[in-house]
Every structure is written in C-alpha cells, then in structure tokens.
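Below: one structure, written as structure tokens.
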There are 2 protein chains.
Amino acid sequence: MSDKRRRRVPRQVREQQIIDMAVQVFARRGYHPASVDEIAELAGISKPMVYLYLDSKEGLFLACLRREAERLVAAFRKAARDVGPPELRLWAGLSAFFAFVTEHRDSWVVLHRQTSELSTAITAEVARARRAVMAEVTGLVRDGIAEATGSVRLGDEEADFVAHVLVGAADSLTDWMESHPDETPERVTRRLMNMVWVGMRNVLGGEFWEPPEPPRTPEAPPSEEAGEESTEG
Amino acid sequence: MSDKRRRRVPRQVREQQIIDMAVQVFARRGYHPASVDEIAELAGISKPMVYLYLDSKEGLFLACLRREAERLVAAFRKAARDVGPPELRLWAGLSAFFAFVTEHRDSWVVLHRQTSELSTAITAEVARARRAVMAEVTGLVRDGIAEATGSVRLGDEEADFVAHVLVGAADSLTDWMESHPDETPERVTRRLMNMVWVGMRNVLGGEFWEPPEPPRTPEAPPSEEAGEESTEG
DNA sequence: CTCAATTCTTACTCTGAAGTAAGTTTACCG
DNA sequence: CGGTAAACTTACTTCAGAGTAAGAATTGAG
C-alpha cells in the first residue's frame, strides 16, 4: 500500500485502466470527438501506449464494446440463472438489466447509442452485441410464456417481437429514471412487467385488442384476420 | 428538358435542398464524420453557400433537427386528430409514428440516435424534440386511460412512464421491422397495442403482477458468492 | 443598357487530432 | 552488479475538414 510509488504497471492492468477511461470518454463525447490524447491522459499515460496496447482508436473502441457487452450479458445471465420459475427469471433478468444500466450508464451509452458515425468493422460488433443482449431476453420470454400458459409456444418471430419491445422500453425507461432518482431498478421492472407481461398473458389467453371498424382507413383491408395474432409460429 | 439549366435557385428553395441532403448525410455518418463538403456537393453547390445560408455546421444540424421534429409531430397529430375515441386516437398516433419512421428513416435517426458527440446547444434542441414527441404520446395515453377506465386518471408520472415504454418500444421495433419487410405499420401497432394496452387495462382494473418472493433487498444479498465469473476472456 | 442585389465559386488558412519514429527509464532475472 | 525486456516518453508528421476572403457570374428592375 505504501508502495504507491510504482509508476510502472503491467500491461494487463494498464489495458483495463485505459479501457475504463475510454468507456467514460466515448460515452461522454461520442466516438469521433473523443480524443485518444484525453483518454491517455486520464489513464495516466501518454498516447503511444494506447496505440501500443490497443492498436488504433477503432481497436480501442472495439475493446470497450466487447468488454461492456460481456459484462452486461454476464449480469443478465447471473441474475436469471439461479431463479426457478421462468416468469421470475424474466423479472430477475430485466431487473438486472436496469440495475446494470443504472450503475454503468457509460457502458450502456457506448453499447447502444452509437448507431452511425462508425466504420463497418465497429458497426458489425455493435450489431453483434445488440443481438447477444436480445437473444438473452428472447430466451427468457419464450420460456416464460411456455411456463405461464402451459401450452403456448412462441415462434421465433413472436418472441423476437416481444424481446424488442422489452429492450426498447427498458432503454427508454433508462432516460425516464434520470428524472426520477428515487425509483429503484426493482420498482421500474415491476411496473414494466405489469404493463407488458400481464398484457401478454391475457392476449395469449384470448383477450385481444383491435381497432373497431376503421372509419376511414387509407389503405388496409378491413377484416382480414380477426384474432389470430399471437400463435402463428 | 434543356430548360433545366437554371443553375441559380432562390434561397428558400436551396435551403431546403441543403437540409434534405444534410439529413441524409447526418443520418448515414453521424454528426462529426459528416462533412459539409459532401453535403454541399450532394446539394449541387459549393461549401460557402452552406455557411452563407445556415451559418455553421451546428446551425445546419439544428435546422435539420427542427424541421424533422416538426414533421414527425405534425404527422402524429394529424393522424390522431380526426379520430374520435381516445383509445383509437392512441392507436392512430402510434400507427402514424411507425409509418413516419418507416418512411423517413433518416429523419428518425437524426432525431433520436444522436445522443452524445454534440455541443450543448444541439443537445438542448434534441432534448426539446424528444420532449415534444413524448408529450404527444403522453397526452394520448392519459386521454385513452381516462376513457377506457371511465374513472381512473393517471398522474403525470404514470402517464410519462407509459409514454416512455411506448416510444422506446416503437423505436426498438423500428429495427425489428427492418428484418420483417412484410410487416406494415398497422400490424406492428396492433401487436404493440395488444401487448401494452391490454396489460394496462387489466393492471388498472386490479390485476397486478408481482414477484412472489418478498422483496429481498438488492443492496444486501444474503450470499453473493455462488457462481464466480473468474474467466472473463 | 446599367447597376445593384443575389447567387455562387475558387482558393485559400488553420486547427485538432490520428498515428509514428526514436529514444529513455524502470524492473526484474540471473 | 550488468544486461535485457517491458513500460513509458517527447517530439514529431500528416491530413481531413471547418470556416473564410475575395471576387465572378446571373438576374431583374428601372
């Protein structure tokens, strides 16, 4: 502890420090305006070290992306693993998601809010990360539905639709939580489950909503399919 | 038509052409990597014209932002205005939202997917645009609930929560629609309404979902070292 | 036709930041 | 010790792209 005079730090450690700071700066500024100089300075070293260890700015960003995606998926999985009933696993997973996003806002921003302004290599990795998260949710949704209904099994498309709704809602609620600091991840999750899950249960149970007679639909056949929206896969 | 040789174009027209191209380029590349030169070239003029008319790159982006936000809100409002029952107005509004986002993907990307990498002036305008969209949805939700339940009136917070869920889900479903080209905005909207709206009706009617386990405190878990994640590579 | 306003261009300046060459210090191993 | 590899630095080069100066071409009014 008193040995803090060690300026020299082994590569493995320094790399993580660099990535730590890079996540912060990328989240704050975005990919392009973020300068490697600033990241290096925050990490307590000079720029060439960054290039020595991470190759390029793009490589640095990819490292951030991979590490944070891994962490998020890990948190999600770990939370859902030990719980028994699928319905609860979904709840635990979403809860962990909110907790993670609340605690590591920078990670989420880097993972999610960087659609454009990126080279193809990075775009591919972002897509991969998104798919990984989405796949976790999709799995939980499918299991949860099967359990809750006892018989209904969602097709890929349905489960994917639901997963998109949940992830999108969760993302948006991340913003909402910023203006409601008293809300905990658990409370938000419960509310979301209440809105979406109860609805899904009932829809699968046969309680549909549909627009009545369209008074003046511009271009849509009125009654093509009445209530067979859900179990088509 | 050889008469199309009119090189000179009045300012008002040229400005719109510039903004048209700017929206495309900003959406494709993101704010910083977008070059004013490229925008100018696509608009058929040279760079100084852009600066003469729009002041700066930031001014150009702000013009894009304002115009597209106005268009989206207008589409939303117009769709919802003529319909009678609030529940249907919500449906019409969301439907218009999907239709707009499907048709004008660039507009939506510029409006929504540009969180960081922006100066404070722009950030403020983005926030404004988001709030405008959110306020529309919130209004429809509140009316819809009041109508559907007959008595329940949502507080600001509740309505805002629901609006965030809907907008976030809609945004995410925009991605989903890309891999499902046969889906129409109407069908997607109906599915979303089925998931969210039916659930909300029932929740407000007293059918709650809650985790069976009594709320175990997130801050003080009993034993947290069950499954280790030592290997992170 | 003339003149003035508007539209538009060529040809710069200048800054910030990615990436690198070449060398210097520290740590550890025998 | 001494020497070697790993950790680290200073001091560049290079380039893209924002922003501008100065003036040319077009149009329309009188």
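Every chain is numbered from 1, with letters handed out A, B, ... down the list of sequences.
Taking 4.0 Å as the cut-off between side-chain N and carboxylate O, B:Glu183 and B:Arg191 count as a salt-bridged pair. The residues A:Glu15 and A:Arg11 are annotated as salt-bridged, a charged nitrogen and a carboxylate oxygen being separated by less than 4.0 angstrom. Residues A:Glu38 and A:Arg29 are paired through a salt bridge, judged by an N-O separation under 4.0 Å between the basic side chain and the carboxylate. Remark: B:Lys47 does not engage B:Glu41 in a salt bridge, criterion side-chain N to carboxylate O under 4.0 Å.
Atom CD of B:Glu15 is separated from atom C1' of C:dT7 by 13 Å (rounded to the nearest Å). Look at CG on A:Leu60: it is 14 Å from C1' on C:dG19, rounded to the nearest Å. C:dA17 atom C1' lies 12 Å from atom CD of A:Glu38, rounded to whole Å. Taking atom NZ of A:Lys57 as the reference point, atom P of C:dG19 lies 8 Å away to the nearest angstrom.
Within the 4.5 Å cutoff, no side-chain heavy atoms of B:Val110 are placed close to those of B:Tyr31.
Proximity of A:Arg14 to the phosphate of D:dA6: no side-chain N or O atom is located under 4.0 Å from OP1 or OP2.
Not less than 6.0 angstrom separates the ring centroid of A:Phe100 from the ring centroid of A:Phe76.
Closest to the side chain of A:Ser35, from the set C:dA17, C:dG19, C:dT7, is C:dA17. In this structure, the nucleotide among C:dA18, C:dT6, D:dG19 sitting nearest to the side chain of B:Arg8 is C:dT6.
Heavy-atom distances under 4.0 Å link DNA chain D to B:Lys47, B:Pro48, B:Tyr51 of residues 39-55 of chain B, given in residue order.
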